[in-house]
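Data block below; observations after.
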Amino acid sequence: MSNPRQPAYPVNPMFTNRWSPRALTGEAITREQLFTVLEAARWAPSAYNYQPWRFIYALRDTAQWDPIFNGLREGNRTWVKDGSALVVLASAKNAQFPGAAAPGPNAWHSFDTGAAWLSMAFQAMHMGLVAHALAGFEPDQIRAATGLPDDYAIDAVIVIGKQGDKAKLPEVFQQREAPNDRRPLSATAMEGKFSA
Ligand SMILES: Cc1cc2nc3c(=O)[nH]c(=O)nc-3n(C[C@H](O)[C@H](O)[C@H](O)COP(=O)(O)O)c2cc1C
């Protein structure tokens, strides 16, 4: 299969080399490895440096794994079972920014937490690991499993693992187990005014 990831401009290859495989080996990673990935996310930028993100993690083969894993939708559970760590990415919905008289809604809580996620993904890749974001989960179940208060949003669940053989995936996922493409930049970048 030809690689669809041909950058139109000379970007650092890290941007096109990162992708989200589903085939994982089921091997453990160390707490040190997980914390190295989380450490990268800690340095993400955020509005007023508020750092709204929180990382609630579970390593495989620990008591914390099942309650979070069971909150994932079935389609994800078929392959996330071979992950090495799960991270619930949550963010504080409110903040008291400098100069504000009282706490109020932080419009950027998910935007900032998205930056933290991508830092995680690049650090994982740098360590020869895979990080794959998931929206396919039951929010109420994840909230109950983690004890997350209502004033925190669940932005995503991240599975971190070691890339494995795609032959072990269900057929439907085997066909999709390759880096995907992007629409051209000309359809995304607009000079001065929006155009559809
Ligand atoms: C917020 C978010 C939620 C996602 N949810 C899922 C998911 O539930 N299951 C899944 O298999 N992939 C999920 N993905 C992976 C995307 O499908 C993938 O990132 C996208 O197709 C781009 O591919 P790439 O990451 O390989 O470049 C999610 C990605 C993001 C960023």
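Indexing begins at 1, ligand by ligand and atom by atom, following the structure's order.
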Output yes when K168 and D82 qualify as a salt bridge under the 4.0 Å nitrogen-oxygen rule, no when they do not. yes
Electrostatic pair E39:R42 at N-O distance under 4.0 angstrom: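 Answer for the salt bridge query: yes.
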Is a side-chain N or O of Q174 found less than 3.5 angstrom from the main chain of A167, in a donor-acceptor match?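 Yes, Q174 side chain to A167 backbone: donor-acceptor pair under 3.5 Å.
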Tell me whether R22 contacts the main-chain N or O of L169 through its side chain, where contact means a donor paired with an acceptor under 3.5 Å.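 It does not hold such a pair.
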Within residues 126-150 or reaching into it, pairs that qualify as ring pair (Phe, Tyr, Trp, His ring centres under 6.0 Å) - sequence neighbours excluded: W79-H132
Mind checking what residues have non-hydrogen atoms under 4.0 angstrom from ligand 1?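 Within 4.0 Å of ligand 1, protein side: R5, R18, W19, S20, R22, N76, W79, H132, A133, L134, A135, G136, N180, R182.
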Under a 3.5 Å cutoff, is there a donor and acceptor pairing between the side chains of N76 and E74?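 No pair is found: no donor N or O on one side chain lies under 3.5 Å from an acceptor on the other.
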